[in-house]
Peer 1: 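This structure is in structure tokens; I'll ask about it shortly.
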Amino acid sequence: MTQNWSEVFVGVEEGARVEPPEEKQRKRRGWFQQLREGLSKSRQALQQQFSAIIFDQLDDEFWERIEETLIYADVGVESTVSIVEQLEQAADAGEITDSQQLLHHLRTITADHFSGADARIDVSKMPTVILVVGVNGTGKTTTIGKIAWHLKQLGKEPLLVAGDTFRAAAIEQLVEWGKRVDCEVIHSERGADPGAVVFDGIAAAKSRGADVVIVDTAGRLHTQVNLMKELEKIVRVIRKQVPDAPHETLLTIDATTGQNGLVQARLFKEAVDITGVILTKMDGTAKGGIAVAISHELDLPLKLIGTGEKMEHLQPFDAGGFAEALFDDTLLGG
Amino acid sequence: MFDTLSDKLQGALDSVKGQGKLTEKDVERAAREIRLALLEADVNYKVVKDFVKKVKDRAMGAEILQSLTPAQQFVKIINEELTELMGSTANKLSFSPRPPTVILMVGLQGSGKTTTCGKLANMLKSQGKSPAMVAADVYRPAAVDQLKSLGEQLDVPVYDEGTQADPVDIAKHGLAWARELGRDVLIVDTAGRLHIDETLMDELVRIRKEVKPHNILLVLDAMTGQDAVNVAQQFQERVNFDGVVLTKLDGDARGGAALSVKAVTGKPVKFASTGEKLDAFEHFHPDRMAGRILGMGDVLSLVEKAEQAVDRKKAEELEQRLRKSQFTFDDFLDQMQQVRNMGPLQNLLGMIPGLPMGKLKDLQVDEKALGRIEAIIQSMTAEERRNPDLITGSRRRRIAEGSGNDIQAVNQLLKQFKQMQKMVKQLSSGKMPKNPFQMLGGGGGGLPF
């Protein structure tokens, strides 16, 4: 199965598809299934919770266990309360009389908690500038490599800018991705001013006619005010040459992250205008429930999901699929 | 660290503090707040349940109701339970009588293993050890380069075989290499891996078999959510790690993962990584951490840091001068540099007791401003530093230009310095601060933060 990435990236050829690399072809399954497999552990946990409760009375303990199940998925207290309230309303209205209906409502309500904002990525500008930001170790550089590979498959000419001049060997890491993807990487020395590198990168992209510039930045904790200011400066530097850029500012959030993810997203959003979230490392046992809270409370669309270390391990985000994979049929004892 | 958890617990206990006796209702209300706070702090929900039950049981028992100050007892119980949950003693590494001592670092991707290797090597070096490192992460692009670059910065040798070799072989050869070099500690960096990745977990088991590490440290991101328990259990099952390094604690993550992991695996947090710099790394003190959560401040850590960084002789000299009211810009500069030697001011502020956590969050220390002040003082002549009254308009201009600041900045510093001199005069005529740090940090004097 291949995906229609033209529905994700605005500005690529209509109906454009990405073929996974040859050797992966046989193993390839739908992203949906990949996601489900990643979530198998959570499914087991949920199954234990639900098979016991489904036929119980809808008493206080029942609601508490649903709360706990959501908390266990890192959905967070506020969004959990909100989801449970809506589920309660549905139950009070007599809409939930059996386990199938409960499951259906749980999925729908959870999916509806995701922001309805546009989740597509517009790459039709010449050049389109994509800025990728996030906390240390959330997978910025790897995600950039994957996006570049997809864009390349879709006939775009990406150019990468190594704006992480702080972490040892971050530049080498991006250069290595450049080699794998076969696209140019603009970089400078470690310790150089990231603003200067970004300026050179944008200039290079303009002069060489690259379609999409993806700017890597150093991982930073959202609490480091000076580093957050540096990010604001990078945006100003980008705007000097492309006034309406960055066209996308994507925040990477590690699916293993707990409630701090919400604070991260809030502060990054305040500093640079985040246009979307990429949930990374969804191939583990973490449920990534913090994405629900982030999207719901900050009205930020989820755009992509990272499901592994390979180039093709990037998926468009789908709220319905996410909720369905989180609350699987089998949890009803099937 | 744990700032918001402190806030929440303090909020929950405020209502208890307001009255003489604890009712069952009070206990319920406090317990509810604590439960919520711990869940928001990412403590595993099962651990939270157990913890809250324990606290409630103890609080509702005779122990507290018969006590004269129930509120204090309540705080004490939470403190004790929290400390116990996190492990009650500071934890050290075990060193082999036959070097090299091998330390194997394991963890998920992006938890900070490679950086932690460097920080640990740096700490060991400062303790007089001669560490070496092995780059056994052949999967992440440039991970080997990263470790090598850290090794260069720290002047610690790094063994690598590029990215084509088998990590198990690399580790094995690395051990022989370290032995030959006569290094007494060997830190083995491994690739980040998912705890459910059978192939890679197998590889880790084989590395462990080959190098027989004396310490296996699980590197865990302080921001990890509920999944921390799964991760820790899986790593425990496969490689039976000895302790945890909690990273990124300089953020505002509440770090509940530390509590969960200890509760579920019984393995203590041994180290905490608290900043971007290589020296932002310390032994984890669960007892102090619990004190901090309860708003008692991390007095002990602060004292320890001050002892390391403040030059005692200079401090005594300064005290003499203070007594004679001879406080000059040179002294000011000295003090400032000593305080900065203790590490980022942001971290130090968090340790001062009595400063409410809520206010601290908004308080940002601009380390650059301190740099500017240093530059201004260094642009003064020796005479001017001794006698700031000399600094007239033209001298101000010269100093401003020399230090790359505008005149206002110079004026402001002079004004602050005057106030400080005044304060010093008052102090020397009356009560003396025990050490110069108290004056700068706690005294609310001249520094612009």
Side-chain angles (χ1 to χ4, degrees), chain A residues 38 40-42 45 67-68 71-74 76-78 80 135-139 141-142 145 166-177 179-180 190 219-227 254-261 263-264 267 280-281 283-290 308-309, chain B residues 4 36 39-46 48-49 108-115 118 139-150 152-153 192 194-197 221-228 230-231 234 247-248 250-257 275-276 346 361 364-368:
Chain A
S40 63
K41 287 269 171 181
S42 86
E67 269 172 30
E68 276 181 354
I71 291 283
Y72 191 62
D74 287 320
V77 173
E78 203 176 318
T80 294
V135 164
N136 319 53
T138 47
T141 310
T142 305
F166 181 81
R167 179 165 62 87
I171 296 168
E172 288 85 338
Q173 190 180 348
L174 196 70
V175 168
E176 175 61 33
W177 271 107
K179 274 187 212 148
R180 288 185 191 177
R190 187 164 170 238
R220 66 201 73 219
L221 288 174
H222 47 290
T223 48
Q224 292 160 331
V225 170
N226 298 342
L227 289 181
D254 183 334
T256 353
T257 308
Q259 298 314 298
N260 193 247
V263 190
Q264 286 172 27
L267 292 189
T280 61
K281 308 187 197 174
D283 46 336
T285 52
K287 292 100 206 156
I290 189 62
E309 290 187 315
Chain B
T4 322
L36 207 62
L39 282 179
E40 281 184 347
D42 294 321
V43 181
N44 180 269
Y45 78 84
K46 282 181 192 140
V48 172
K49 252 189 170 166
L108 298 180
Q109 290 96 334
S111 51
K113 275 176 304 307
T114 307
T115 305
Y139 305 107
R140 179 162 60 91
V144 174
D145 295 333
Q146 188 182 350
L147 197 72
K148 277 161 78 178
S149 151
L150 286 167
E152 260 165 51
Q153 277 178 66
L194 278 172
H195 47 294
I196 49 169
D197 186 326
D221 188 327
M223 301 172 201
T224 312
Q226 298 284 329
D227 201 42
N230 290 334
V231 174
Q234 289 288 327
T247 60
K248 306 179 202 171
D250 46 331
D252 55 359
R254 299 165 210 175
E276 299 256 331
Q346 192 69 47
K361 253 180 294 180
Q364 279 295 330
V365 176
D366 187 359
E367 301 270 347
K368 276 191 189 144

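In what follows, every heavy atom counts, from backbone to side chain, and hydrogens, waters and symmetry copies are set aside. Quick note on labels: first sequence line is chain A, next is B, and so on, each numbered from 1.
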Peer 1: With chain A as the partner, which of B:Gly225, B:Ala143, B:Gly192 has the greatest number of non-hydrogen pairs under 4.5 Å?
Peer 2: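 Most heavy-atom pairs within the cutoff with chain A belong to B:Gly225.
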
Peer 1: What part of B:Gln153 is in contact with chain A, defined as an atom under 4.5 angstrom from a non-hydrogen atom: side chain, backbone, both or neither?
Peer 2: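 Just the side chain, heavy atoms under 4.5 Å.
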
Peer 1: Quick one: which of A:Lys281, A:Glu78, A:Arg220, A:Glu176 has the most heavy-atom pairs under 4.5 Å with chain B, could you say?
Peer 2: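 Most heavy-atom pairs under 4.5 Å with chain B: A:Lys281.
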
Peer 1: Could you tell me whether the side chain of B:Lys248 and the main chain of A:Asn136 form a donor-acceptor pair under 3.5 Å?
Peer 2: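 Yes.
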
Peer 1: Could you give the distance from CG (B:Asp42) to CG (A:Asn260), rounded to the nearest 0.5 Å?
Peer 2: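 Between B:Asp42 CG and A:Asn260 CG, I get 7.5 Å after rounding to 0.5 Å.
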
Peer 1: Quick check on A:Leu174 against chain B: is it the side chain, the backbone, both or neither that has a heavy atom closer than 4.5 Å?
Peer 2: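 Neither part, no heavy atoms under 4.5 Å.
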
Peer 1: CG/A:Asp283 to CG/B:Asp197 distance, rounded to the nearest 0.5 angstrom?
Peer 2: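 With rounding to 0.5 Å, CG (A:Asp283) is 8.5 Å from CG (B:Asp197).
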
Peer 1: Under a 4.5 Å heavy-atom cut-off, does chain A meet the side chain of B:Lys49, its backbone, both or neither?
Peer 2: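 The side chain, not the backbone.
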
Peer 1: Do B:Asp145 side-chain atoms and A:Ala169 backbone N/O form a donor-acceptor pair below 3.5 Å?
Peer 2: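 Not at all, since once roles are kept as given, no pair shorter than 3.5 Å links the two residues.
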
Peer 1: Is it true that A:Thr285 and B:Asp227 share a donor-acceptor pair across their side chains at a distance under 3.5 Å?
Peer 2: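 A:Thr285 and B:Asp227 do have a side-chain donor-acceptor pair below 3.5 Å.
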
Peer 1: Counting only heavy atoms closer than 4.5 Å, note whether A:Gln264 contacts chain B via side chain, backbone, both or neither.
Peer 2: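 Just the side chain, heavy atoms under 4.5 Å.
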
Peer 1: Measure the shortest side-chain to side-chain distance between A:Lys179 and B:Pro141 over non-hydrogen atoms and say whether it is less than 4.5 angstrom.
Peer 2: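 A:Lys179 vs B:Pro141: side chains apart.
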
Peer 1: Please classify the contact of A:Thr138 with chain B as side chain, backbone, both or neither, using a heavy-atom distance under 4.5 Å.
Peer 2: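 Neither part, no heavy atoms under 4.5 Å.
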
Peer 1: Checking B:Gln146 against A:Glu172: is there a side-chain donor and acceptor pair closer than 3.5 Å?
Peer 2: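 The answer is no; no qualifying pair exists.
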
Peer 1: Calculate, to the nearest 0.5 Å, the distance between atoms CD and CG belonging to A:Gln224 and B:Asp250 respectively.
Peer 2: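 A:Gln224 CD to B:Asp250 CG: 5.5 Å, rounded to 0.5 Å.
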
Peer 1: Hey, which of A:Thr256, A:Asp254, A:Ile290, A:Val175 has the most heavy atom pairs under 4.5 Å with chain B?
Peer 2: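 Option with the top pair count is A:Thr256.
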
Peer 1: Do any N or O atoms from the side chain of A:Asp74 and from the backbone of B:Gln226 form a donor-acceptor pair under 3.5 angstrom?
Peer 2: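 Flag set: sc A:Asp74 to bb B:Gln226 pair under 3.5 Å.
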
Peer 1: Below 4.5 Å, heavy atoms only, C-beta onward: do B:Gln109 and A:Thr142 meet side chain to side chain?
Peer 2: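 They are not in side-chain contact.
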
Peer 1: Using non-hydrogen atoms and a 4.5 Å limit, figure out which bit of B:Leu108 sits close to chain A: side chain, backbone, both or neither.
Peer 2: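 Side chain only.
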
Peer 1: Find the one option among A:Leu221, A:Thr280, A:Val263 whose heavy-atom pairs under 4.5 Å with chain B are most numerous.
Peer 2: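 The answer is A:Leu221.
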
